[in-house]
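One structure is given below, encoded as structure tokens.
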Amino acid sequence: MAKLTIVEAVKDALDCEMAKDERVIVLGEDVGVDGGVFRATDGLYKKYGKRRVIDTPLAESGIVGTSIAMAAAGLLPVAEIQFDGFTYPALDQLFSHAARLRNRSRGRYTVPLVVRFPFGGGIRALEHHNESPETYFTHTPGLKVVIPSNPYDAKGLLISAIRDPDPVIFMEPKRIYRAIRAEVPEKDYTVPLGKAAITREGTDVTLISYGAMVRECTKTADTLAAKGTSCEIIDVRTISPCDYETIYASIQKTGRAIIVHEAPLTLGFGAELAARIQENCLLSLKAPVLRVTGYDTPFPYFKLENEYLPSPERISSAVEKVMKF
Amino acid sequence: MERTINKFSVKYIQILDEKGNADKRLEPKLKPEQLKALYRWMVIERAFDATALALQREGRIGTYAQSTGEEATHVGSVFATAENDMVFPDYREHIAFIMKGAPIKNLFIHWGGSEDGMAIPDNAHIFPVCIPVGTQTLHGAGFAIANKLKKEKTATLTFVGDASTSTGDFHEGLNFAAVFNAPAVFIIRNNHWAISVPRVCTDLDWGGCQSRAETLAQKGIGYGMDCIQVDGNDVLAVYSATKQALEKARKGDGPTLIECVTYRITPHTTADDPTRYQDEKTLKAWMQKEPLKRFQLYLKRKKLWTEEWQRALEAEAKKLIDQAVKEAEAHKPKRDDIFSFVYAEMTPELERQKNG
């Protein structure tokens, strides 16, 4: 077993699926000769050639719109959008067509498409390179939204996404693209979509998160453990469809829940979770459900990004609040 | 130093004039039964349109986009497709569905307010109705790129309206098709109106129109794509241009943009009142150029049209359409199907919502 980073695991997943199934193609800006600006497609062009690893014109709606039809035509396209903020020109194609073609045609046409892109802040990037747009996709019926937090899941979830018969938005936490190296099996395997993972067991409070924020929750839990507070951590992994049952079961045990994400607070995924937790776990709750999130502001330019991003300090202070409640 | 580094031109084709006289040099080599088939489809389209309008007025279907007057553009181009060529319509090419093999009842089910109508049979090579204008350009391009990748000798035919040429997706679609030398043909159905906004600018200083470009066909030039403008009310010109473009595409010689110049002699949809913005004189002038009459005169001259045949055609169309309406009105959409086609497999959450 090789020790891989998240971005290497992504490439490994693409490689496995391309080797296995010639319908799988990769397309996007700079994904071919250059191997992707983060090297997520490094070497694939050489291995599979220009017809399957396709450098496209710089046009995100174009990439997604053509991919939708390629998927309907029987291919399995994996489209890369270079950065989170550049998914916005493609939203119309995703919302109006990728998400609806199956329903509109009553199943005659389907869109087995993966749109993958690096997301989130923390890498001292330019404006439009730090977005967390998962709410938009999660609010759109017909899309699935998948966010890995570690190399093993990155490979297994991406393979599941490619094999899924419906359009999957695959968001890769670029801040930890190379931060973690972990054992990843060489052969293909899947991590099922729609299943959350308990990444740490605990008894006092449940921290619910995904992507790069899982690591911040883990740091927080390490610190708090020394002080005698036991945190359970849930990595949601698939935001849509979400595995609510795992989350409810944890909260029924701990009685306290804190949701952590980088995306802005208002109507973020935390809002949906909080609403559902009170619907389903009211009598288990020992304290209000809190959210530690980005602010309802544009993502700040990098001198202030650490003020914006949820940190172990902010998460700890929320834990203290629910413990004292 | 200053020099001209390139010059461009756009060709225009008309084969049948308004009196049905044919330009012998350009006349396509169609057999009598093919010519009659073209006319038959146009008659069916017009009859379908009249019935749909009547049903809308009676509240039996919802808002409906009429197609009367634009039959030559629809029928001429789709008639040129091979069976496996995929058509990407927007929302006015009703006859395209029928010509590609979708049951007529499906259209009434669709316009009658149910997605079930777009569950067209697998052998009908046409995408569902596409309402966000211009977005389908990318689907026509993408599907053609996929065909090329799969080494299939089929092409795509995509319809857009004149206003679609203002959208970003139209331009991205043409660019993708050109860059990948894709077997794709794009038809601009220039009917001169986008609801109330005219195609042509009269105020040259302050908007109120779609494009300052002299032709819409020339937009292809910017992408290195062959382009041509044809009389969109001349079914033979539309057929010839599309046929050539599709053959070229299938041979691997790349995409083509065809502008069919016609006129929307109907409202935009049944929810529209064109008297608020349209000039009646122009409308009447364009009605003289409508496509059925001139083709009928042409066929008559060729001794392929008789009043008797006309009556038989109209009776056939009425029978087909009446039967389709009957079947469509007997179709009852199921409440659970709101949930059934969102994903291949229903999610636990949708299952819960479905079961209320």
Side-chain angles (χ1 to χ4, degrees), chain A residues 22-23 25 27 51-52 54-75 77 89-90 92-93 95-97 99-113 140-144 164-167 193-194 238 240-245 276, chain B residues 86 88 110 114-122 124 126-132 134-150 152 154 156 158 167-169 171-180 182 337-350 352:
Chain A
E22 64 171 15
R23 294 173 302 165
I25 58 165
L27 71 164
R51 293 174 75 87
R52 291 185 65 200
I54 304 167
D55 276 321
T56 66
L58 196 160
E60 285 79 11
S61 187
I63 293 167
V64 173
T66 51
S67 294
I68 289 167
M70 289 185 203
L75 298 175
D92 184 21
Q93 285 291 339
F95 293 176
S96 302
H97 295 303
R100 292 165 175 249
L101 201 53
R102 176 187 290 281
N103 187 63
R104 179 182 303 141
S105 67
R106 287 296 187 244
R108 160 73 198 274
Y109 293 104
T110 61
V111 187
L113 163 70
T140 303
L143 299 180
K144 295 183 177 178
D164 196 90
D166 289 307
L193 305 188
T238 304
S240 172
C242 180
D243 174 11
Y244 296 114
E245 296 310 318
R276 285 175 186 267
Chain B
M86 183 67 86
F88 293 82
H110 170 80
S114 169
E115 290 87 345
D116 296 351
M118 286 295 116
I120 47 184
D122 285 353
I126 184 163
F127 246 49
V129 164
C130 176
I131 292 178
T135 56
Q136 72 277 22
T137 319
L138 283 165
H139 306 157
F143 207 91
I145 296 168
N147 283 343
K148 182 172 173 173
L149 193 59
K150 294 194 291 180
E152 284 175 10
T154 61
T156 62
T158 305
T167 68
D169 278 0
H171 292 271
E172 292 189 19
L174 292 194
N175 192 42
F176 268 71
V179 164
F180 288 94
D337 280 349
I338 294 173
F339 302 93
S340 304
F341 299 96
V342 184
Y343 298 100
E345 197 180 323
M346 200 177 296
T347 61
E349 178 59 22
L350 283 185
R352 197 186 64 77

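Sequence lines set the chain letters: A, B, ... in the order given, protein chains first and strands last, and positions in each chain run from 1.
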- Tell me, side chain or backbone of A:Ser96 under 4.5 Å from chain B's heavy atoms, or both, or neither? side chain
- Nearest heavy-atom neighbours spanning A:Gly142 and B:Tyr343: N-OH, 3.1 Å
- Task: Compare all side-chain heavy atoms of A:Ile54 with those of B:Phe180 and state whether any distance is below 4.5 angstrom.
- Result: yes
- State, yes or no, whether a side-chain contact exists between B:Val342 and A:Arg102 at a heavy-atom distance under 4.5 Å. no
- Query: Just wondering, do A:Pro141 and B:Phe339 contact through their side chains at under 4.5 Å, heavy atoms?
  - Reply: no
- Query: Looking only at heavy atoms, which two atoms of A:Ala69 and B:Gly142 are closest? And how far apart?
  - Reply: CB-C, 3.9 Å
- Message: If we ignore hydrogens and angles and just use 3.5 Å, is the side chain of A:Arg106 paired with the main-chain N or O of B:Met118 as donor and acceptor?
- Response: no
- In this structure, CD1 of B:Ile145 is separated from CZ of A:Arg51 (nearest 0.5 Å) by 11.5 Å
- Message: Using heavy-atom distances under 4.5 Å, tell me whether A:Pro165 contacts chain B through its side chain, its backbone, both, or neither.
- Response: side chain
- What distance separates A:Ser105 OG from B:Phe127 CZ, expressed to the nearest 0.5 Å? 8.0 Å
- Contacting region of B:Glu172 [heavy-atom separation from chain A under 4.5 Å]: side chain
- Item | Per-residue contact mode, A:Leu143 against chain B (heavy atom under 4.5 angstrom) | backbone
- Which atoms of B:Ile120 approach chain A - backbone, side chain, both or neither, heavy atom under 4.5 Å: both
- Nearest heavy-atom neighbours spanning A:Gln93 and B:Asp169: NE2-OD2, 2.8 Å
- For the student: nearest non-hydrogen atoms of B:Thr135 and A:Asp92, plus distance: CG2-OD2, 3.4 Å
